[in-house]
Amino acid sequence: MDAVMGGSPGSVASQERSRKLVTIASLLGTTVEWYDFFLYGTMSGLVFNKLFFPTGNEFVAIALAYTVYAVGFVTRPVGGILFGHFGDKIGRKPLLVLTLLIMGISTFLIGLIPTYASIGIAAPLLLLLLRLLQGIGLGGEWGGAVLMSFEYAPKERRGFFTCWPQVGLAVGLSLATAVVAILTKTMSDDAFMAWGWRAAFMGSIVLVAIGLFVRLKILETPEFARIKDAQKISHVPVAEVARDYKKNVLLGWGARWIDGVVFNVYAVFAIGYLTGTVKLDKTSVLTSVSLAAFILIFTIPIASAWSDRVGRRVAYGWFALLCGLAAFPLFWMMHYSGSMVLAGTAIVIGLGVIYAPVYGPEAALFCELFDTRVRYTGISVVYQVSGIISSSITPLVATTLLHYGGGQPWWIAAYMCMVGIISASCTFAMRRTF
């Protein structure tokens, strides 16, 4: 296959250039997508519960905001299956350009929605519609970006090369929380609530333009090109996945559970929890999440390279278990220490350190469960469908457990521990890989 940037077909130099450009394109694209997606999560407990829903009952308002947050995850499987179907039939690249546009435009438009006080029930309905589009865009984005990296990577380094779309999550989260932290620090509360939060959404259009420019330069993956030339394209990929890969899908769903729970507890729920229940400083909490995400940028590649040496199931399984067990000491640090330093350290440890060997190797782990002809659909079904339980409802579940626990966090910690055990068990049960 011709190199992305030129050169003789199959030459080592041209292949290396191709891998570098694909890595950059995947990283930039997922950074944009995750920035857009997590900006909503960051704003849920700070802005949307106050501006887009009826006020009067704080628990109900924040529960409604997190429910709309969850909707983005519910529609991700739709995007994953839709874009996976065409990605397995016509190729990875065209779908990546489309998903980036869907995500970027919907995020920009969120910044333009009038408040509940201005247009009433139309405000949350518009927010819901755009959140649906965000979910569809991200549902197709993750699988395509991961496959571009995986199918260009040398076999012995697939964990490392495939981790870069995962790093996009850390960069996107770091950017989203950093932008909000800067805005809340430099603006009055009135100015931030009036227009500051809107700037964070509308400014993402710049990132979209940069990501789109780079993605238009890459070519299709060599693996997909080979099966296309050999006329081995799957006619109905989702049916083939359901027929031939049932066990791998079920184990993937179980393994993925701890990923979504850990991330959404420390990166989304913790913001409203620490500023509302524990009464810590808003800017300091956002800075802690941003710092954890920044550290994750470096720990993900380290953990993923390590998984190439020790095996992805080993790395993922043991750290899935550790993530669950660590919830008890980390919640003690957040809830009872009375120290912003210790609470921030808990977030950094939970999200920035022990989460990396789970999230980093995850992409390659799931890719290896499916053959090339159905891989886009397969990994999208595993990652996005499981997100409904593992990610979408986690802030709502945690809020409910905190409420019924009388403001104590131990039911949340017990839930995380249970999930860690289930995910580790499913990971160690995986056998067949491609």
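Sequence positions, counted from 1, serve as the residue numbers for this chain.
Scanning all heavy atoms of the two residues, the minimum distance from R375 to C367 falls at NE-O, 3.2 Å.
Annotation: the span from D371 atom CG to N248 atom CG amounts to 11.5 Å, rounded to 0.5 Å.
The backbone N or O of M334 lies less than 3.5 Å from no partner atom in the side chain of S337, so there is not a single donor-acceptor pair. Between the side chain of R312 and the main chain of P361, no donor-acceptor pair closer than 3.5 Å is present. Looking at T107, its side chain does come within 3.5 Å of a backbone N or O of M103 through a donor-acceptor pair. No donor-acceptor distance shorter than 3.5 angstrom exists from the side chain of N264 to the backbone of P395, with no hydrogens or angles considered. Of the possible polar contacts, none joining the S380 side chain to the G143 backbone as a donor-acceptor pair under 3.5 Å is found. Between the side chain of S26 and the backbone N or O of A145 there is at least one donor-acceptor pair closer than 3.5 Å. For D308 (side chain) and F160 (main-chain N/O), a donor-acceptor pair under 3.5 Å exists by modelled atom type. Without hydrogens or angle criteria, S386 side chain to Y383 main chain gives a donor-acceptor distance under 3.5 Å. The backbone N or O of G254 sits less than 3.5 Å from a side-chain atom of S423, completing a donor-acceptor pair.
For R158 and F150, the positive end sits near the middle of the six-membered ring, less than 6.0 Å away and at most 45° from its axis.
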>> Determine whether D259 and Y355 satisfy the following criterion, side-chain hydrogen bond (donor to acceptor under 3.5 Å, both in side chains), listing intermediate values before the conclusion.
In response: CA-CA 8 Å; D259 161 25; Y355 176 63; 2.4 Å; yes
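Between I412 and Y415 the shortest side-chain heavy-atom distance does not fall below 4.5 Å.
Ring-centre distance between F298 and F294: below the 6.0 Å cut-off. Between Y152 and F161, the distance separating the two ring centers is not shorter than 6.0 angstrom.
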